[in-house]
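Report on one structure; see the data block that follows.
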Amino acid sequence: MPLPLARCAIHTMTTKPWSLAQAAEAYAHAGVGGITVWRQHLPAGGAAEAGRIVRAAGLGVAAYCRGGFFPAADAGKRQAALDDNRRCIDEAAAVGAPQVVLVCGAVPGMPLAEARAQIRDGLAAVLDHACSAGIRLAIEPLHPLYAADRSAVSTMAQARRIAESFTRELPDPLGRFGAAGRRAVGIACDVYHVWWDDTLAEEITLAGRLGLLHGFHVCDWKAEQASMLNDRGLMGEGCIDVAGIRRQVEAAGFTGYAEVEVFSDRHWARDQQQWLGDIVRAWERV
Ligand code: ZN
């Protein structure tokens with residue numbers, strides 16, 4: 001059974017050329033239930049105005065993107081990252097998002113184990129701030145092709161080992177997460193990054209049992225990609241069993257939005273209204 005469109009949230013980066021107001025109105029008009037707001041799409045009036053825009057459109061907010069980038073070669077830059085993550089958490093609260101997605105960071109040449117230790121320290125440093133704001137922190141493991149400079153956390157297991165070391169739970173007054181997402185620090189599972197992992201199914205089950213399953217992102221992996229950043233496929237354009245992974249996260253207790261996150265120079269160059277139509281048609285593959 002496909003999910004209803006009400007369980008679909010679209011990342012504003014998926015329709016990058018649109019302003020937040022254009023995106024929110026178009027998503028809602030298409031019957032999509034939710035939105036994930038990216039920082040670069042904040043309007044001139046900032047996060048509070050962004051919150052008013054998405055509420056006026058009647059959309060739920062799945063997440064705010066993105067924080068992270070904790071590791072750095074010197075203490076000054078690490079402190080700057082903490083300050084920026086606290087601002088990001090405040091913006092998320094103003095937008096009405098229940099969680100911040102974290103691209104955790106890596107520094108070319110820094111040993112990955114050291115980067116992961118700095119990520120853990122960074123999370124520990126901002127966790128009180130996040131909990132006070134009622135914001136969950138979702139570690140997004142990124143495909144290992146990004147391990148040099150974007151994320152030293154490449155797998156669900158690495159994300160789980162960091163996340164489960166924080167045992168705090170957060171209230172969930174609107175019931176957006178359920179028991180599978182009860183912890184303050186959890187995981188955003190993006191099929192693009194983890195579909196190849198032979199431990200994926202067991203890690204999804206484990207994440208749900210531990211209360212770490214905060215987010216689920218969908219797109220597709222094209223065997224031929226023109227860019228390692230901006231040539232992702234829409235569901236059905238590649239080789240990921242998106243519906244199969246979706247059934248695994250549901251079986252693990254996940255009740256949130258499936259978030260459509262497609263970075264694509266090809267699709268951004270098109271008429272965005274037609275692109276949105278393709279996204280809605282591809283939803284049946286989730
Ligand atoms: Zn993602």
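Counting starts at 1 for both ligands and their atoms, following the listed order. The structure presented is a predicted model; accordingly, all values stated were derived computationally and were not measured. Start at 1 with the first residue, then count along the sequence.
The atom of E140 nearest to the Zn ion (ligand 1) is OE2, with the search restricted to N, O or S atoms. Sorting the N, O or S atoms of E261 by how far they are from the Zn ion (ligand 1) puts OE1 first. Atom ND1 is the N/O/S atom of H217 found closest to the Zn ion (ligand 1). The nearest N/O/S atom of D190 to the Zn ion (ligand 1) is OD2.
Annotation for E25: atom CD does not count as buried by contact number, only 12 or fewer foreign heavy atoms lying within 6.0 Å. Residue-environment remark: CZ (R285) stays at or below the threshold of 12 foreign heavy atoms within 6.0 Å.
Note on ring orientation: taking the six-membered ring where Trp is involved, the planes of H11 and H217 are perpendicular (angle over 60°, cut-offs 30° and 60°). Ring geometry for Y192 versus H143: interplanar angle of 30 to 60°, hence tilted.
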